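Computation of the quantities below employed the complete heavy-atom set of this structure, encompassing side-chain atoms and omitting hydrogens, waters and symmetry-equivalent molecules. On a predicted model such as this, the values are computed, not experimentally measured, just so you know.
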Amino acid sequence: MKLTKHIFMLLVLLTAISCDNVLDKQPLDKLQGENLFSNPEGVKLYMANLYYQLPIEDFTFFRQGFNWNTGDPNNGGFAPAMITDEAVHTEFGDFIGNDDFQWWDQGYKLIRDTNILIDIIPTLDVSEDETKALVGESAFIRAYAYFALVKRYGGVPLITAVQKYEGDVEALKVPRSTEKETWDFVLKECDIAIANLADSWPGGERRATKWVAYALKSRAALHAASLAKYGDRAPISGTAVDQKLVGLEKSAAAEYYKAAIEASEAIISSGKFALYKPSPASPEEAAENYRKLFEDPNIAPTEAIFIKGYARPGSGTGHNYGIWFQPNQTANGWPHPGRMNPTLDLIDAYESYTNPGQSAPVTTTVAGNDVSDYNGFDPAKNYKRYDDPAGIYKDKDARLWATAILPGTAWKGQKIIIQAGFIKPDGSAQLFGGEPIKVGSATIYPYGAADRTQYSGFDTWGGNNTRTGVSFKKFLNEGVNVAPGWNQTVSDWADFRYAEILLNYAEAIVESGTGTATKGAQALNDIRRRAGHTKDIPLTIDNVIRERRVELAFENKRFWDLIRRREYHTLFNNRVRHALVPVLDLRVTPAKYIFIRQNIARLNPATFDYKNYYRYVPGIGANGLVQNPQY
């Protein structure tokens with residue numbers, strides 16, 4: 001025992017002696033602060049961290065914030081699309097809360113980190129070209145950050161240099177600039193980035209280029225222009241309005257539309273970009289091309305202008321789209337599939353090839369007069385009957401087939417079964433559950449199969465089955481079985497793509513009445529031709545907005561389109577979203593499918609409050625800033 005005690009004391013002594021040496025040493029796996037900017041690798045490391053903080057609204061952007069795939073990544077699979085008319089969650093029906101989509105502290109952290117780099121660039125021992133690139137990238141990142149802030153909060157404090165605390169907290173407080181000043185700052189930063197960045201990076205690195213900066217300017221300028229033009233659709237009042245911290249004069253719309261047109265035109269006329277496979281031979285080919293574009297945007301280097309990559313499954317560089325959103329039948333052991341349910345409201349927006357230029361609401365009856373009837377099954381109606389449960393979607397725009405998994409279609413080698421029940425031979429309906437019945441020698445199951453692993457619709461068990469009648473496809477990889485676990489998906493995200501630029505261009509032209517209308521119409525119709533349409537349609541704002549809905553569906557654009565055009569409060573005023581419910585009709589032999597338009601089950605109506613056009617400014621007790629209206 002005594003020997004053991006001596007050995008222990010000796011170890012303590014040796015440890016104490018060695019501590020001095022340990023403290024003298026520098027960690028070998030980290031760059032020290034003073035060395036960071038004197039080493040090209042250190043600058044790259046620092047820049048990589050800035051890019052990581054960019055508020056890219058991608059696979060890991062949820063109501064809780066950005067990069068929500070580290071620590072505990074269980075966000076419930078709640079995507080921004082679910083507070084729009086694009087989709088609903090299988091379990092949740094809540095709408096926009098005060099704390100949703102906030103980005104204040106993280107925004108100013110990114111701005112501070114970028115300002116540190118901007119301040120130190122002139123002192124770096126690097127070439128002139130490298131200096132220009134750093135200036136351009138820093139301006140791009142700061143523009144991106146302030147764009148994310150101004151579209152949430154309106155005018156914000158413009159902090160353009162590193163602040164130093166010298167004993168006076170009050171000296172660090174910067175008041176909010178007006179919303180106009182903030183938007184102008186974003187566009188000015190884009191111009192600095194455009195002037196300093198090259199066309200590309202030598203190794204094809206996923207870093208900002210001149211064209212990425214143009215793309216950001218196109219998006220931001222269009223947003224500002226819409227706010228200026230349509231701000232009076234949702235009038236608000238209060239101190240922040242009086243001080244012009246929120247709101248833009250209608251007269252400002254023209255300059256912002258002009259900026260959006262010019263930025264878009266620079267990309268279009270460069271000749272460096274094009275739509276991926278713009279001339280398909282058939283709608284079927286168009287659907288497959290469109291699906292593959294999102295399965296892996298790297299196959300389309302001329303369309304994907306800026307890509308955020310995901311690399312390592314199971315880590316912060318993987319995401320959860322695969323495990324949350326694949327249909328129940330392909331869950332591969334994971335307990336929470338099927339959370340993203342595209343709505344009938346979105347499906348109705350897709351055109352039919354037989355009537356181009358018009359939304360094509362699904363008609364379920366021979367009379368075709370039921371598109372506003374959501375009261376459920378009516379035995380008096382003469383429903384259209386289909387052998388194939390996907391038959392009702394015949395002639396619908398190819399992008400629907402690539403965006404949603406339709407009932408009866410194949411996915412990962414399985415026929416996806418989505419069925420809400422049956423109409424018995426006597427004409428009575430058994431919907432959303434109940435026991436199977438015998439018809440002749442056949443057993444008919446309410447959800448289309450005997451076992452919960454064999455169907456993907458309407459059963460509420462586990463929240464794993466769609467309640468809208470279709471499941472989600474866009475971005476999912478058909479060739480990969482997702483391993484059960486967090487962050488196992490590593491498909492990449494195209495943050496800016498050429499199709500969005502064409503749509504920005506078309507919208508800015510038609511809304512402003514300036515620019516070349518024929519070029520705007522061509523931009524619009526080029527996208528439609530890529531989707532298998534063969535007839536051009538005129539450049540109207542309704543046509544542009546419909547194209548945005550279907551072309552950019554689930555790319556987290558719809559939320560901001562409704563915000564910037566001040567349409568949220570009119571579209572969501574006690575709004576109920578809808579499902580298209582497939583039902584097996586046993587009144588005929590052989591049995592066929594009919595469809596019912598009805599309100600989505602277990603989903604409360606949603607209303608958009610005016611105040612949600614701006615987020616609340618946090619911390620006004622300490623930072624002394626003026627709060628936004630109604631908070």
Measure the CZ-CD1 distance between Arg548 and Ile541 for me, rounded to the nearest 0.5 Å.
-> 9.0 Å

Using a distance-only test with no angle check, is there a side-chain donor-acceptor pair under 3.5 angstrom linking Asn75 and Trp324?
-> yes

Just wondering, are more than 12 heavy atoms of other shown residues or ligands nearer than 6.0 Å to CD in Glu249?
-> no

Go through the side-chain N and O atoms of Asn69 and Asn320 and say whether any donor and acceptor fall under 3.5 Å apart.
-> no

Strictly by modelled atom types, are Lys474 and Tyr290 linked by a side-chain donor-acceptor pair under 3.5 Å?
-> yes

More than 12 non-hydrogen atoms from neighbouring residues, nucleotides or ligands closer than 6.0 Å to CG on Asp125, yes or no?
-> no

Salt bridge flag under 4.0 Å for residues Glu57 and Lys151 | yes

Is there a salt bridge (Lys or Arg N to Asp or Glu O under 4.0 Å) between Lys180 and Glu255 once you walk through the steps?
-> CA-CA 11 Å; Lys180 176 76 165 56; Glu255 64 179 291; 3.3 Å; yes

Nearest non-hydrogen partners of Asp99 and Gln102, listed with the distance | O-CG, 3.6 Å

Taking atom NZ of Lys611 as the centre, does the number of heavy atoms from other residues, nucleotides or ligands within less than 6.0 Å exceed 12?
-> yes

Check: Tyr310/Thr60 side-chain N/O donor and acceptor closer than 3.5 Å | yes

So Lys557 and Glu86, salt bridge (Lys or Arg N to Asp or Glu O under 4.0 Å) or not? Walk me through it.
-> CA-CA 11 Å; Lys557 302 295 187 298; Glu86 289 182 333; over 6 Å; no

Below 4.0 angstrom, N of the basic side chain to O of the carboxylate: do Glu500 and Arg497 qualify?
-> no

Cut-off 3.5 Å, side chains only: do Asn504 and Ser264 have a donor facing an acceptor?
-> no

Does the gap between the ring centers of Phe496 and Trp211 come in under 6.0 Å?
-> no

Does the pair Lys258/Glu265 count as a salt bridge with the N-to-O cut at 4.0 Å?
-> no

Taking the six-membered ring for Trp and the single ring otherwise, decide whether the centroids of His223 and Trp183 are under 6.0 Å apart.
-> yes

Test ring-ring contact (aromatic ring centres under 6.0 Å, His included) applied to Tyr616 and Phe101, Tyr153, Tyr631, the passing residue = Tyr631

Give me the ring orientation class for Tyr108 and Tyr146: parallel if the planes are under 30° apart, tilted from 30 to 60°, perpendicular past 60°.
-> perpendicular

Taking the six-membered ring where the residue is Trp, are the ring centres of Tyr568 and Phe559 under 6.0 Å apart?
-> yes

Derivation and outcome, salt bridge (Lys or Arg N to Asp or Glu O under 4.0 Å), residues Glu166 and Lys164 | CA-CA 6 Å; Glu166 296 175 338; Lys164 295 179 182 176; over 6 Å; no

Residue pair Thr514, Ile509: steps toward the side chain to side chain contact (heavy atoms under 4.5 Å, CB included) verdict | CA-CA 5 Å; Thr514 63; Ile509 288 175; over 6 Å; no

Scan side-chain atoms only and decide if Arg206 and Asn298 contain a donor-acceptor pair under the 3.5 Å cut-off.
-> yes

Minimum heavy-atom distance between Val186 and Ala220, given as atom pair plus value | CG1-CB, 4.1 Å

Crowded around Lys519 NZ? As in, over 12 foreign heavy atoms under 6.0 Å?
-> no

Any chance NZ of Lys188 has more than 12 other-residue heavy atoms, nucleotides or ligands included, within less than 6.0 Å?
-> no

Does the salt bridge (Lys or Arg N to Asp or Glu O under 4.0 Å) test come out yes or no for Arg565 and Glu511, once each step is laid out?
-> CA-CA 11 Å; Arg565 296 181 60 81; Glu511 285 285 54; 2.8 Å; yes

Please determine, by modelled atom types, if Thr84 and Arg558 share a side-chain donor-acceptor pair under 3.5 angstrom.
-> no

Distance-minimising heavy-atom pair for Gln488 and Gly314 = NE2-CA, 3.7 Å

Is any NZ, NE, NH1 or NH2 atom of the basic residue among Asp492 and Lys308 found under 4.0 Å from an Asp or Glu carboxylate oxygen of the other?
-> no

Would you call Lys132 and Glu128 a salt bridge, taking side-chain N to carboxylate O under 4.0 Å as the test?
-> no

Within a strict 4.5 Å, meaning less than it, do heavy atoms of the Phe273 and Leu502 side chains meet?
-> no

Is the closest side-chain donor-acceptor distance between Asp184 and Tyr256 under 3.5 Å?
-> yes

Going by atom types only, do Thr182 and Glu179 share a side-chain donor-acceptor pair under 3.5 Å?
-> no

Within 45 degrees of the axis of the six-membered ring of Tyr230 and under 6.0 Å from its centre: does Arg566 put its NZ or CZ there?
-> no

Separation of Ser512 OG from Leu222 CG (nearest 0.5 Å) | 10.0 Å

Stepwise side chain to side chain donor-acceptor pair (under 3.5 Å) test for Arg615 and Asn98 | CA-CA 7 Å; Arg615 304 280 80 205; Asn98 282 350; 5.5 Å; no

May I ask you to check whether Glu137 and Tyr51 show a side-chain donor-acceptor distance below 3.5 Å?
-> yes

Which heavy-atom pair separates Met82 from Phe325 by the least distance, and what is that distance?
-> CE-CE2, 3.9 Å

Answer with yes or no whether the side chains of Asn628 and Arg176 bring together a donor and an acceptor at under 3.5 Å.
-> yes

Given Tyr498 and Tyr276, is the ring-ring contact (aromatic ring centres under 6.0 Å, His included) satisfied, shown in steps?
-> CA-CA 9 Å; Tyr498 189 58; Tyr276 175 65; over 10 Å; no

Return the set of residues passing side chain to side chain donor-acceptor pair (under 3.5 Å) with Gln326 (not counting sequence neighbours), or none when no residue passes.
-> Thr330

Member of Phe294, Tyr321, Phe59 meeting the side-chain contact (heavy atoms from CB on, under 4.5 Å) criterion with Ser491 = Phe59

Step by step, work out the side chain to side chain contact (heavy atoms under 4.5 Å, CB included) result for Asp113 and Tyr46.
-> CA-CA 9 Å; Asp113 291 350; Tyr46 194 85; 3.6 Å; yes

Please walk me through it: do Ile527 and Leu503 pass side chain to side chain contact (heavy atoms under 4.5 Å, CB included)?
-> CA-CA 9 Å; Ile527 296 171; Leu503 289 166; 3.5 Å; yes

Above 12 or not: heavy atoms from other molecules or residues under 6.0 Å from CD of Glu205?
-> yes

Kindly determine whether Trp103 and Phe66 satisfy ring-ring contact (aromatic ring centres under 6.0 Å, His included), including the steps that lead there.
-> CA-CA 8 Å; Trp103 193 68; Phe66 296 89; 5.7 Å; yes

Atom NZ of Lys173 with >12 non-hydrogen neighbours under 6.0 angstrom | yes

Which atom of Phe140 lies closest to which atom of Ala213, heavy atoms considered | CD1-CA, 4.1 Å

From CA spacing to verdict: side chain to side chain contact (heavy atoms under 4.5 Å, CB included), Asp199, Thr209 | CA-CA 6 Å; Asp199 282 5; Thr209 66; over 6 Å; no

Pairing of Arg399 and Glu551 as salt bridge, 4.0 angstrom limit = yes

Consider only side-chain N and O atoms of Thr317 and Ser315, and report whether a donor and an acceptor are under 3.5 Å apart.
-> yes

